[in-house]
Amino acid sequence: NVVLLADITAPKGFAALGGSNGAAFLGTFDGRGHTISGLSGDLIRTLGGTSAVRDLTVSGGGLFAAGAANSTLNVVNCLRTDNGTLIGSAADTSVLTVSNCGSRGALVGMLKLDQGYAKKFEHCYSADKLFQTVSLDMTTGGDTSQKHRNSLTVSDSYQTGDDLVNNSSFPNVQLQKVTAGQLSGGGTAWTLNRSTTEGWTLWAQQDGIPVFALDGRRQAYRVEFGAKSGVYAYSDAEGHVTVPAKQSSQVWSFQREDGS
């Protein structure tokens with residue numbers, strides 16, 4: 001197991017965990033809410049066994065390039081802040097659960113599906129597409145594509161890109177498309193905070209994307225200007241709210257949702 005005790009910058013020539021000899025990383029990588037920046041590739045080459053990556057922000061590379069076959073993998077409270085995928089791929093014959101994670105790029109580069117191996121994504125977002133590519137394993141013979149689709153579950157998740165998966169073909173998918181303005185303006189961070197559960201880190205808004213409300217960043221909240229006006233603004237990581245444009249004759253009164 002690995003526990004990260006501070007923010008770090010990956011040294012030049014950093015070799016991905018798991019090595020180049022085919023051995024997978026087995027265990028838990030616990031980021032403790034810290035950041036690894038300056039990666040020139042993925043942090044872990046292959047993640048296998050019953051393993052987890054949690055509470056970690058990365059830039060320059062993703063969490064792991066590939067999930068090994070016959071593995072059970074959990075990813076919780078992880079974020080990639082630059083343009084790139086958070087997770088490279090996971091083998092079709094692996095179980096993968098991703099909770100409360102986000103990425104400025106795709107969340108997963110290659111999503112491989114096979115019946116009997118659940119892939120579950122909950123409370124996630126992508127400033128691009130949740131899945132860059134979706135692959136269905138047809139090697140079992142016969143038309144089993146719908147059974148493969150049934151193995152994918154997505155809930156309370158958001159993306160700005162076009163759907164590769166939708167409710168008509170993937171019955172267990174609840175993936176919502178949001179506008180770039182909703183993502184960059186704080187609406188998505190606020191929405192994510194409305195459905196957090198125990199063990200999930202709250203979200204703040206910074207540099208155009210939701211980020212974790214850590215290191216002094218304040219969680220995103222919504223302000224309505226005028227009683228039942230339907231005019232809203234969202235706070236940034238410092239807790240500041242920009243007042244919407246208004247006509248000179250209008251007088252704004254506002255109240256936070258907590259009543260203050």
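Computed over heavy atoms, backbone and side chain alike; hydrogens, waters and symmetry mates excluded. Not measured: the values here are computed from a predicted model.
Between the side chains of Glu122 and Ser99, at least one donor N or O lies within less than 3.5 Å of an accepting N or O. Defined by atom type and a distance below 3.5 Å, a donor-acceptor pair is missing between the side-chain atoms of His123 and Asp156.
In this structure a side-chain-to-backbone donor-acceptor pair under 3.5 Å is present from Arg80 to Thr85. Remark: side-chain polar atoms of Gln205 are paired, donor with acceptor, to backbone N or O of Leu183 under 3.5 angstrom. Judged purely by atom type and a 3.5 angstrom limit, Ser157 uses its side chain to pair as donor or acceptor with the backbone of Ser155. Side-chain atoms of Ser184 come within 3.5 Å of backbone N or O of Ala180 as a donor-acceptor pair. For the pair Ser71 (side chain) and Ser94 (backbone), a donor-acceptor distance under 3.5 Å is absent. Looking only at distances, no side-chain donor or acceptor of Asp128 sits under 3.5 Å from a matching main-chain atom of Gly161. Checking side-chain atoms of Gln159 against main-chain N and O of Asp162 turns up a donor-acceptor pair under 3.5 Å.
Taking the six-membered ring wherever Trp is involved, the centroid distance between the rings of Trp203 and Tyr125 falls below 6.0 Å.
Taking the six-membered ring where the residue is Trp, Phe131 and Phe121 present perpendicular rings, their angle passing 60° and hence far from 30°.
Side-chain contact between Asp30 and Asp55: present, with at least one pair of heavy atoms (C-beta onward) separated by less than 4.5 Å. Looking only at side-chain heavy atoms (C-beta outward), Leu130 and Val154 come within less than 4.5 Å of each other. Counting heavy atoms from C-beta outward, Leu43 and Phe14 have side chains that approach closer than 4.5 Å. Side-chain contact check for Val76 versus Thr97: every heavy-atom pair is 4.5 Å or farther apart. For the pair Asn77/Trp200, a side-chain contact is recorded, criterion being any heavy-atom separation below 4.5 Å from C-beta on. Using a 4.5 Å heavy-atom cutoff, the side chains of Lys119 and Leu113 are in contact. Ile8 is not listed as a side-chain neighbour of His34, based on a closest heavy-atom distance of 4.5 Å or more. Side-chain contact between Leu107 and Ile87 is absent, with no heavy atoms from C-beta onward closer than 4.5 Å.
Of all heavy-atom pairs spanning Gly185 and Tyr234, the tightest one is O-CB, 3.4 Å. For the pair Ala65 and Arg45, the tightest heavy-atom approach, listed with the atom from each and the gap, is CB-O, 3.3 Å. The two residues Leu73 and Gly67 make their nearest non-hydrogen contact at CD1-CA, 3.7 Å. Smallest separation of non-hydrogen atoms from Asp42 and Gly61: OD1-C, 4.0 Å. Residues Leu79 and Thr81 approach most closely at CD2-CG2, 3.8 Å, considering heavy atoms.
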